[in-house]
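To start, the structure under review is shown below, and the notes come after it.
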Amino acid sequence: QVQLVESGGGLVQPGGSLRLSCAASGSIFSINFMGWYRQAPGKQRELVATRTNSGRTNYADAVKGRFTISRDNVKNTVNLQMNNLKPEDTAVYYCNAEAVAQNRGAYLYWGQGTQVTVSS
């Protein structure tokens with residue numbers, strides 16, 4: 001079993017910054033990619049950013065130039081640095097990973113979610 005533990009959410013004013021962190025643990029054989037999704041009230045969960053083991057990244061258009069995803073492939077962690085936050089960034093942010101557990105195939109795993117609220 002693979003567990004994802006998130007931290008770093010909170011309340012910030014527009015233009016502020018937050019750093020989200022996620023650590024994967026458990027019987028991990030390998031992780032193919034890690035990333036972040038978010039879900040605002042009344043909306044579907046959407047991609048924020050992902051990063052593969054080779055360093056290839058993918059960002060949602062709404063966050064390009066403001067958010068930066070980083071990974072530590074040894075520690076199996078992923079971070080999301082969020083700068084110049086806007087009210088429309090308000091959402092629950094979820095860490096996700098495609099991981100291969102020992103003696104199992106690859107599955108998508110999700111963190112518990114952390115609330116990010118951007119408001120004056």
Side-chain heavy atoms of N96 within contact of R45, under 4.5 Å: no
Backbone of G35 reached by a side-chain donor or acceptor of T50 within 3.5 Å: no
Heavy-atom closest contact (A40 atom, A91 atom, distance): N-CB, 3.8 Å
Check whether any side-chain N or O of Q1 sits under 3.5 Å from a backbone N or O of G26 as a donor-acceptor pair, and report yes or no. no
Does any part of the side chain of T77, heavy atoms only, come nearer than 4.5 Å to the side chain of S21, both counted from C-beta? no
Do I31 and V2 come within less than 4.5 Å of each other through their side chains, counting heavy atoms only? no
Taking atom CD of E88 as the centre, report whether more than 12 heavy atoms of other residues, nucleotides or ligands fall under 6.0 Å from it. yes
Backbone N/O of E6 and side chain of Q112: donor-acceptor pair under 3.5 Å: yes
If two hydrophobic side chains count as joined below 4.5 Å and joins carry through other members, does Y107 share a cluster with W36? yes
Salt-bridge contact K64-D61 (side-chain N to carboxylate O under 4.0 Å): yes
Should L4 and Y93 be regarded as members of a common hydrophobic cluster, given that ILVMFWY residues are connected when their side-chain heavy atoms come within less than 4.5 Å of each other, either directly or indirectly? yes
State which residue, out of V48, I69, L47, fulfils the side chain to side chain contact (heavy atoms under 4.5 Å, CB included) condition with Y59. I69
Take F33 and T57 through the side-chain contact (heavy atoms from CB on, under 4.5 Å) test and state the conclusion after the steps. CA-CA 10 Å; F33 67 82; T57 59; over 6 Å; no
Mutual orientation of the aromatic rings belonging to W110 and Y94 [parallel < 30°, tilted 30-60°, perpendicular > 60°]: perpendicular
Answer whether the closest heavy-atom distance between the side chains of T90 and Q115 falls below 4.5 Å. yes
Quick one: are V116 and M82 in side-chain contact, heavy atoms under 4.5 Å? yes
Starting at CD1 of I28, measure out to CD of Q3 and round the result to the nearest 0.5 Å. 9.5 Å
Heavy-atom distance under 4.5 Å between the side chains of M34 and R51, does that happen here? no
Worked check of side-chain hydrogen bond (donor to acceptor under 3.5 Å, both in side chains) between S119 and T117: CA-CA 6 Å; S119 179; T117 302; over 6 Å; no
Just checking, any donor-acceptor pair under 3.5 angstrom between side chains of Q81 and N83? yes
One should read off an interatomic distance between Q39 CD and Q44 CD, to the nearest 0.5 angstrom, of 8.0 Å
Y37-Y109 co-clustered via ILVMFWY side chain contacts under 4.5 Å: no
Got a second to check how far L85's CG is from R66's CZ, nearest 0.5 Å? 6.5 Å
Of all heavy-atom pairs linking A49 and L80, the shortest is CB-CD1, 4.3 Å
Which pair of heavy atoms, one from D89 and one from R38, lies closest together, and at what distance? OD1-NH1, 3.0 Å
Distance (rounded to the nearest 0.5 Å) between F67 CZ and N79 CG: 14.0 Å
Could you tell me the separation between the CG atom of N32 and the CG atom of N53, rounded to the nearest 0.5 Å? 6.5 Å
